[in-house]
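Written below as structure tokens is the structure these notes are about.
Computed over heavy atoms, backbone and side chain alike; hydrogens, waters and symmetry mates excluded. Letters go in sequence order (proteins before strands), and every chain restarts at 1.
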Amino acid sequence: SDHDLLEILCRPGFSTQETADMGAGRGMGMNIVHEMVTGMGGDLRLENHPGQGAGFILQLPLTLTIIEAFIVEVSGERYALPQSMINEVIEVEAENIRPAGRMQLLPYRDGAIPLLSLQARYRLLPSARSRWYGLVVGQQENRAAILVDRVIGIQEAVVRPLSDPLIGEPSISGATELGDGSVALIVDCNELIGQRLAGSRLSEPADRAIQEHA
Amino acid sequence: MTKSTAYIIFQVAETTYAISTDVVQQMEMVEQITRAPNSPEYLDGVAYLRGQVVPVINLRSRFGHPRIEYDMQARLIVIRVGPRTVALAVDRAREYLSIPEEKILPPPAMMMDENENFVRGVIALNERLLMILDVEKVLAYPEKAHA
């Protein structure tokens, strides 16, 4: 049967060539294909029609990445932040915020933690408020609190990759649908902090990429 | 017999355009669009269409016209070029035409200087003028400063 034939074809060392050349003939190719396809949880099938040709059918699972995510709201927009990146959620009162050069700091445990405003970073409409929630990300000296208006909840989110170059914000590389048909962009918190370390400004939204096509 | 190509005909700001069906994947009504931060002005955001999150280019804005509210006639033309899938928001799209290649003329040179350089050909068909969309130019994107 085709199934048995495929099994022979995929045996390591099986080849129809008498001699191997630089590129082919050692009998490894189909063996590797079989191992990789089954290794990914897929299936390899053969449909053989002697005299007409043969079809190799590769069936691969559509892998979905599912994460637990905090759904937050900033200036009326909703974003998803992977829960695995969040250490804790704190309340941030305007009166406790201390300016420090271009940064804003909040007393935190025995020291201070820099605040990172998503509203400023993403150039969203400012909202008049004196109280935010801070999602603490990062470890030790890389720690920062991402300020959001509201934490809506935690939910399972199917990650849909979003890699088109038109998406100008590097901390956005995916999105998830929220069940009501709307989409929340997934925020890569590490990328946000990484940008901070690279010296880009937090409170001053002056990003060259934007001014160029504004 | 000359070769014909199928085009979807659509309107943006009173102008009629044609896009080859070769690149068109599907058409959708405009539903929810989520704004994408720090992206070009003409990007309306992203939409969730049949299991895929797709950036939406507002063609009015792309061509330098003011935006208008989406109405019931507005459509998203979802196109696929290479690895990219992008939706184009247009005012109306309700026609499909097969056009013989001999009817396609190069755009007048004057048009090439203006904002109209998103046109790569003009079709004169039964007293109608259709502009063939230059998809590559529409999809071109500004270099990222972060890269």
Closest-packed option against chain B by number of heavy-atom pairs under 4.5 Å, given A/Thr176, A/Leu162, A/Ile172
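Between A/Thr176, A/Leu162, A/Ile172, the count favours A/Leu162.
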Could you look at B/Ile33 and say if it's the side chain, the backbone, both or neither that has a heavy atom under 4.5 Å from chain A?
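Answer is neither: B/Ile33 stays 4.5 Å or more from chain A.
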Please test B/Tyr48 against A/Arg160 for side chain to side chain donor-acceptor pair (under 3.5 Å), starting from the C-alpha separation and ending with a verdict.
CA-CA 9 Å; B/Tyr48 180 63; A/Arg160 311 278 177 189; 3.1 Å; yes
Side chain to side chain donor-acceptor pair (under 3.5 Å) partner of B/Asp91, the single match among B/Arg75, B/Gln73, B/Gln11, B/Arg60:
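Only match with B/Asp91 under side chain to side chain donor-acceptor pair (under 3.5 Å): B/Arg60.
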Could you check B/Val56, B/Leu49, B/Val24, B/Leu88 and say which one makes a side chain to side chain contact (heavy atoms under 4.5 Å, CB included) with B/Val78?
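The option that passes is B/Leu49.
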Closer than 3.5 angstrom, by distance alone: can the side chain of A/Asn31 be matched with the main-chain N or O of A/His34 as a donor-acceptor pair?
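A pair under 3.5 Å: no.
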Look only at the side chain of A/Gln119 and the backbone of A/Leu124, and say whether a donor-acceptor pair between them is shorter than 3.5 Å.
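Yes: the side chain of A/Gln119 pairs with the backbone of A/Leu124.
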Contact residues of residues 81-91 of chain A (partner chain B; heavy-atom separation under 4.5 angstrom):
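The list, in residue order, is empty: none.
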Hey, is A/Arg78 close enough to A/Glu73 for a salt bridge, meaning N to O under 4.0 Å?
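Judged by the 4.0 Å cut-off on N to carboxylate O distance, A/Arg78 and A/Glu73 do not form a salt bridge.
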Measure across B/Phe118 and B/Phe63 and return the closest heavy-atom pair with its distance rounded to 0.1 Å.
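Where B/Phe118 meets B/Phe63 most closely, the heavy atoms are CD1-CD2, 3.4 Å.
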